Amino acid sequence: MTCDAPAAEPTVWRSYGTRRRSTRAVRVRVCAALVAVTVLAVLLVPPLAQLDQQAVDLAAKLRPPSWAHPFGTDDLGRDLLLRCVYGLRVSLLVGLVAALVAAVVGTAVGAAAGALGGWADRAVMRVVDTLSSVPHLLLGIFVVALFRPGVVPVAVSVASTHWLSTARIVRAEVLSLRSRPYIDAAVSGGASRRRVAVRHLLPAVAPQAAIAATLMVPHAMWHESALSFLGLGLPAHMASLGNLVQGARGSLLAGHWWPTLFPGLFIIVPTLAVAGLAGAWRERLNPRRRSELML
Amino acid sequence: MARLAGRRLLFAVPVLLVVTFGVFAIAAASPFDPVKAYAGTAALAADQETLDRLRDNLGADEPFTARWWEWLASASTGDLGRSAVMRQPVAQVIGERVVWSTLLCAVALVAAVVLGTVLGVLAARRPGSPLDRTVTSLSYTLEAAPAFWLGLLAVWLFALQLGVLPAGGLTDTASEQVTAGQVARHLVLPAGVLAVSQLPWFVLYVRQGVGDALAEDPVRGARARGLSERTVLLGHALRSGLLPVLTLIGSRVPELITGALLVETVFSWPGVAAATVEAATAVDFPLLAALTVLATAAVLAGNLLADLLYGLFDPRVKFRDM
C-alpha cells in the first residue's frame, strides 16, 4: 500500500519507473473496491441477511474458521463474521459522525482565524496549541470517564480532539490564499468580507478540508476502538470493533486467536483503503506533494 | 539556548494553567459528583446530613474556579490529593509508577529509532525495489493497526503458543522482589509492541529523508569524487536525511503516551498510563486530573527537546531566531 513515491530519482539508479506507474492505478482500484465493499457490507448486510448477530449457539462455541463460519465463532457461539460487520457498522457510524463534526468545526475555526487575522488569529491558534499539548486519547479518556456511558460522549470526545489538525490545515491554506491576486481583485472590486470568504476562500480550501475529513474517518474509528477496548467507550451491547477485541480477551488467553484477529483486520483494511484513496486524490490535486505521508 | 529554554518554560506555565482549568471546568460541566465518588458505596447507606457535611468539607458546592484555585495552591506544595482507587496519595502513586513508564517508553523509543533508521535506509537505497515495497507496505499496515490489537496478538504468539516470554506484569507472580533480570524479561513484549507501533513513522520519515538527500547535489558530488557507496549512503545521505527525524523525536511524545496507555493496559504494566486507565474507569478525579496534567507537561517537555535538538544538530539554526 505504498501511497507515496520519491519525487525525483537520480539517474545512476536502476529505474523501476514504468512498473510503479502501472501499479499505482491498480492500487487505487483495489482501494476503491475495498472501500466500496466495506460500505456495501455495512449498509446491506443488516437489512438483507436475515441473520441475528446476537444468536447464541453454545454447542458451537469457539469454533475455528470453517465454511459455515468463515471467521469462526466467539465464546457464546456467535458468528464472528456477522459480528465484525455489525461492529464495523457501529465503529464507522461513530467515526463518520465524529469526523463530520470535527471537519465542520475545524474548517469554521481555521477559516475564521485565517480570514480575520490579527489578534483573533493569534488567540485561536493559542487555543489550538494548548489543546494539542494534551495527548488526544488521554483527553478522550478524561471526557468519557466523566460523562459516560453512551455513544454521544465518545463521538464528542473524538470530535473535540480531531478538529485541531483540520483547523491548522485550513488556516494555513487561507493564509496562503489571502495574498493571491484574485482575492485582491475581489476586494478592490468592492466585495464584502463575507462575500470574499464564502465565494472565494471556502471553495478554494474545500478540497483540502475534504481530504482532511476523509482521512479523519479511519482515525476516529481507531480512537473509538481504543476507547471501547479500554472499557471506556460504547456500552457493551453496542458491539463495536473495540468492544469485540475487548470481549475476546478471555478467549485469547485460552488460546483462541480468531475472535481477536478478525475485528482488528476490520479496522486495518478500511483504514488502508481510505488512506490509499485520499493519497491518490491528494496527488491529483497537487502532484508536487506526492511524497507526503498519507496516514 | 538557555534563553530559548527559559522562554519555552515561561510559555509552558500558562498552558499548564489553562489545561488544569479546563480539567476542572469539564468536571464541573459533567454529571460527576465528588461526594458520591468520595463516599463510594457508603453513600447509599449514609443519611442526608452526613452527605451534606461531606459536601461542605469537600467544597463541592463552591464554584469550580474556587476548587481549581485550591487544587493549584495545594499542588504547589506537592499535595495532589488522595487517590481513592489506589488508596494512596496521588503524588505517591505517580512517584512509584512513573519510573516504570519512563523505562518502557525509553526502551521502546530507542528500539524504534534504531530499527526505523536501519529499515528506512535500506528502503531508501533502492526505491521501488522488492525490499522497499515490503518495508513500506508493512509500515503502512502497522501504522493502521491498533497497538492494543498488536499487543494481544503478541501475547498469544509469544506467551501462549511459544511460551518464551511472560504475558504481563512486572515480575513473576511467585517472586517477592523486583529483580533486574525479571523486569528485563517482562519488558521485552510491552516494549517490543510499543516500539513496533511507533516504528512506521520513523521508517517512513527516514526513508523519505534519506531518499530526498540521495537526490541532492552533495551526494552527486560525493559519487563524482568516487567515494564508496557506503560512505555516500552513511556519511552523506544519512547524515542530512536523519536530521529532521532526530529533531522530531521530541514531538513524538503524544503518540508515545497514546501507545503507552494501550500497551500498559494490555500487559498490566504498573506504569502511570495503566493507572490513568484505572483512574478513568473508577472515575478517580484527583488521580485522573494529576495524570492528565503530567502528560501535558511531558508533551511540552518533548516540544522543548525537539527545539533544542534542532539547534544542536543543525548549526544553521540560531536560537536567537526561534
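Residue numbering restarts at 1 for every chain, and letters A, B, ... go by the order of the sequence lines. Owing to the predicted nature of the structure, the values given are computational and were not obtained by experimental measurement.
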Quick one: does [X]'s side chain get under 4.5 Å of [Y]'s, heavy atoms only?
{"X": "B/T276", "Y": "A/F142", "result": "no"}
{"X": "B/T296", "Y": "A/L138", "result": "no"}
{"X": "B/W149", "Y": "A/S225", "result": "no"}

Measure the spacing between [atom1] of [X] and [atom2] of [Y] and express it to the nearest 0.5 Å.
{"X": "B/L152", "Y": "A/Q246", "atom1": "CG", "atom2": "CD", "result": "8.5 Å"}
{"X": "B/F11", "Y": "A/D129", "atom1": "CZ", "atom2": "CG", "result": "5.5 Å"}
{"X": "B/T258", "Y": "A/H223", "atom1": "OG1", "atom2": "NE2", "result": "6.5 Å"}
{"X": "A/L232", "Y": "B/L261", "atom1": "CG", "atom2": "CG", "result": "10.0 Å"}
{"X": "A/S133", "Y": "B/N303", "atom1": "OG", "atom2": "CG", "result": "7.0 Å"}
{"X": "A/S160", "Y": "B/I26", "atom1": "OG", "atom2": "CD1", "result": "7.5 Å"}

Residue among [options] with most heavy-atom pairs under 4.5 Å to chain A:
{"options": "B/L300, B/L16, B/L153, B/V23", "value": "B/V23"}
{"options": "B/V277, B/V18, B/T292, B/I257", "value": "B/T292"}
{"options": "B/L142, B/L291, B/V266, B/L150", "value": "B/V266"}

Among [options], residue most engaged with chain B (heavy-atom pairs, under 4.5 Å):
{"options": "A/G242, A/A226, A/A254, A/G231", "answer": "A/A226"}
{"options": "A/H256, A/H136, A/R249", "answer": "A/R249"}
{"options": "A/L252, A/V245, A/I141, A/V134", "answer": "A/L252"}

Only heavy atoms, only distances under 4.5 angstrom. Which residues in residues 260-268 of chain A are near chain B?
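Those residues of residues 260-268 of chain A which have a heavy atom under 4.5 Å from chain B are A/T260, A/L261, A/G264, A/L265, A/I267, A/I268.
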Looking only at heavy atoms, what is the nearest atom pair of B/A280 and A/A145, with distance?
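For B/A280 versus A/A145, the nearest heavy atoms are O-CB, 3.4 Å.
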Scanning both residues in full, the closest heavy-atom pair of B/T281 with A/L230 reads OG1-O, 4.5 Å
Heavy-atom contact with chain A under 4.5 Å, split by part of B/V155:
side chain
Checking B/V293 against chain A: side chain, backbone, both or neither under 4.5 Å from a heavy atom?
neither
Please look at A/W222 and chain B and tell me whether the side chain, the backbone, both or neither of the residue comes under 4.5 angstrom of a heavy atom of that chain.
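Side chain only.
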Against chain B, label A/L131 side chain, backbone, both or neither, depending on which of its atoms sit under 4.5 Å from a heavy atom there.
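It is neither, since no heavy atom gets under 4.5 Å.
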Donor-acceptor contact present, side-chain B/W156 to main-chain A/G255, <3.5 Å
yes
